[in-house]
Colleague: 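One structure follows; several queries about it will come next.
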Protein chains: 2
Amino acid sequence: MKRDSRLSMVLHALMHMAEHDHPMTSDALAKCLSTNPVVVRRTMGLLREKGLVRSERGHAGGWTIAADLSTITLRELHEALGEPEIFAIGHRHEAPDCLVEQSVNAALDGAFAEAEAVILKRLDEISLADLATDFARRHSARRAKKD
Amino acid sequence: MKRDSRLSMVLHALMHMAEHDHPMTSDALAKCLSTNPVVVRRTMGLLREKGLVRSERGHAGGWTIAADLSTITLRELHEALGEPEIFAIGHRHEAPDCLVEQSVNAALDGAFAEAEAVILKRLDEISLADLATDFARRHSARRAKKD
DNA sequence: TTTCACGTAACATCTATTGTTACATGAAAC
DNA sequence: GTTTCATGTAACAATAGATGTTACGTGAAA
């Protein structure tokens with residue numbers, strides 16, 4: 001299965017934007033992310049709908065973050081992306097007639113629901129500010145290594 | 001993303017097999033599962049490699065469970081299927097040069113690793129015998145409803 | 001009015017799962 | 001022994017979702 005990497009993508013984009021004090025164009029972001037500017041617009045557009053980022057056209061236009069980094073959580077971003085399926089494993093029929101299949105579905109649903117709660121909780125606990133802190137740590141570690 | 005439903009499928013098949021005291025053919029199972037007999041053989045073949053089921057050719061041939069229901073866990077079945085990806089969400093590059101991307105990957109990996117541990121633990125705790133018990137409960141509940 | 005950048009539709013590509021066809025192999029029944 | 005039944009397996013088709021691409025429209029600043 002092909003994994004949805006949009007959450008990873010927007011995080012990567014937002015962190016690069018956080019490092020700049022000017023708007024970043026879709027083209028510039030696309031280069032950072034090794035993707036296509038249209039993909040950037042399409043995906044960042046979902047964040048704009050939730051008021052998380054702004055976009056401006058014309059000269060000196062581009063994308064900017066519209067809120068404090070500490071107030072944006074990974075969970076919010078996940079929701080802004082439309083809460084895509086978290087699991088690559090599932091069952092075929094949602095409401096089967098077969099009692100055997102109902103039993104199987106119930107067991108799997110229980111196990112996955114528990115894991116889903118865990119992951120949503122974790123996503124809720126991590127903000128962009130946390131990522132920025134982690135990045136700063138890695139950044140100075142690399143500088144120290146170079147010197 | 002298209003979800004892998006093979007775990008659901010083999011569970012469904014095994015429970016039907018558990019209800020029979022004769023081998024079940026791939027054709028019969030395929031009808032239960034609303035799929036194709038070749039898909040059944042392909043998938044059940046993975047379980048056979050782990051010794052969880054047996055297959056016999058010719059007259060009165062078909063598939064049988066090769067172990068006690070209480071000793072087969074969902075986790076074992078997941079492993080027999082080749083431990084397919086659990087998550088539909090991931091990141092693009094496994095070992096990126098970009099420090100920003102490394103930071104993003106680390107955060108997501110942490111969150112998902114925790115959830116993966118939860119789900120594997122749950123799968124380990126559920127056996128086919130548990131499913132059979134649950135099925136029996138549902139079965140008698142339906143009978144009671146009918147009467 | 002030209003340039004820049006986003007907005008969006010439409011289409012192409014890629015990839016993984018699932019479904020299908022075809023034929024070989026082996027075992028039991030006759 | 002030959003027919004029938006069932007699995008084993010390769011090869012290919014269909015499907016679906018994610019991602020990439022092209023093309024053109026719109027608005028803002030130089």
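Residue numbers begin at 1 in each chain, while the letters A, B, ... track the order of the sequences. Quick note: numbers below take in every heavy atom, side chains included, and nothing from hydrogens, waters or symmetry partners.
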Colleague: Answer with yes or no after comparing the ring centroid distance for B/His16 and B/His20 against a 6.0 Å cut-off, counting only values under it.
Modeller: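 Not close enough - the centres of the two rings lie 6.0 Å or further apart.
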Colleague: Using whole Å, report how far CG of B/Asp27 lies from C1' of D/dT4.
Modeller: 14 Å
Colleague: Is B/Lys31 paired with B/Asp27 through a side-chain N to carboxylate O contact shorter than 4.0 Å?
Modeller: no
Colleague: With a 4.0 Å limit, can you tell me whether A/Ser26 has a side-chain N or O closer than that to the phosphate oxygens OP1/OP2 of C/dC6?
Modeller: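 Yes, because at least one side-chain N or O of A/Ser26 sits under 4.0 Å from OP1 or OP2 of C/dC6.
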Colleague: From CZ of A/Arg57 over to C1' of D/dA28, roughly how many Å is that when rounded to an integer?
Modeller: 9 Å
Colleague: Is there a side-chain contact between A/Ser55 and the phosphate of C/dC6, meaning an N or O under 4.0 Å from OP1 or OP2?
Modeller: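 So the side-chain polar atoms of A/Ser55 never come under 4.0 Å of the phosphate oxygens OP1 or OP2 of C/dC6.
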Colleague: So, is A/Ser5 close to the D/dT19 phosphate, meaning a side-chain N or O under 4.0 Å from OP1 or OP2?
Modeller: yes
Colleague: Of all the choices, C/dT18, C/dA27, C/dC6, which nucleotide is nearest to the side chain of A/Arg92 once you look at every atom?
Modeller: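 Among C/dT18, C/dA27, C/dC6, the one nearest the side chain of A/Arg92 is C/dT18.
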Colleague: Taking CG from B/Asp4 and P from C/dA16, how many angstroms apart are they, rounded to a whole number?
Modeller: 12 Å
Colleague: Please say whether more than 12 non-hydrogen atoms of neighbouring residues, nucleotides or ligands are located less than 6.0 Å from CG in A/Asp97.
Modeller: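 No, because the 6.0 Å sphere around CG of A/Asp97 holds 12 heavy atoms or fewer from other groups.
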Colleague: Rounded to whole Å, how long is the line connecting atom CG of B/Leu81 with atom P of C/dT17?
Modeller: 11 Å
Colleague: Roughly how far, to the nearest 0.5 Å, is the CD atom of A/Gln102 from the NE2 atom of B/His139?
Modeller: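 It is 12.5 Å, given to the nearest 0.5 Å.
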Colleague: Judged by each residue's nearest nucleotide on DNA chain D, which is more toward the 5′ side, B/Gly61 or A/Val38?
Modeller: B/Gly61
Colleague: Would you indicate, yes or no, if C/dG7 has its OP1 or OP2 atom less than 4.0 angstrom from a side-chain nitrogen or oxygen of A/Arg41?
Modeller: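 It does not, given that no N or O in the side chain of A/Arg41 lies less than 4.0 Å from OP1 or OP2 of C/dG7.
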Colleague: Does a distance-only test, which skips hydrogens and angles, find a donor-acceptor pair under 3.5 Å between the side chain of A/Arg42 and the base of D/dT21?
Modeller: yes
Colleague: Please tell me which of the listed nucleotides, C/dC6, C/dT18, C/dT21, lies nearest to the side chain of B/Asn36?
Modeller: C/dT21
Colleague: C/dA5 P sits how many Å from A/Arg48 CZ, rounded?
Modeller: 17 Å
Colleague: Report which part of the nucleic acid A/Arg6 touches: base, sugar-phosphate, or nothing (heavy-atom distance under 4.0 Å, all strands).
Modeller: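 Answer is sugar-phosphate: A/Arg6 comes under 4.0 Å of backbone atoms only.
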Colleague: Rounded to whole Å, please give me the gap between CE in B/Met17 and P in D/dT7.
Modeller: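 Rounded to the whole Å, the gap is 10 Å.
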Colleague: Distance check needed: D/dG8 P versus B/Leu47 CG, whole Å only.
Modeller: 12 Å
Colleague: Quick one: which of D/dT7, C/dA5, C/dT3 gets closest to the side chain of A/His59?
Modeller: C/dT3
Colleague: Please find the pair of heavy atoms, one from A/Pro37 and one from A/Ala30, that lie closest to each other, and give the distance.
Modeller: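 Residues A/Pro37 and A/Ala30, closest heavy atoms: N-CB, 3.5 Å.
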Colleague: Can you tell me the distance, in whole Å, between the CG atom of A/Leu29 and the C1' atom of C/dC6?
Modeller: 12 Å
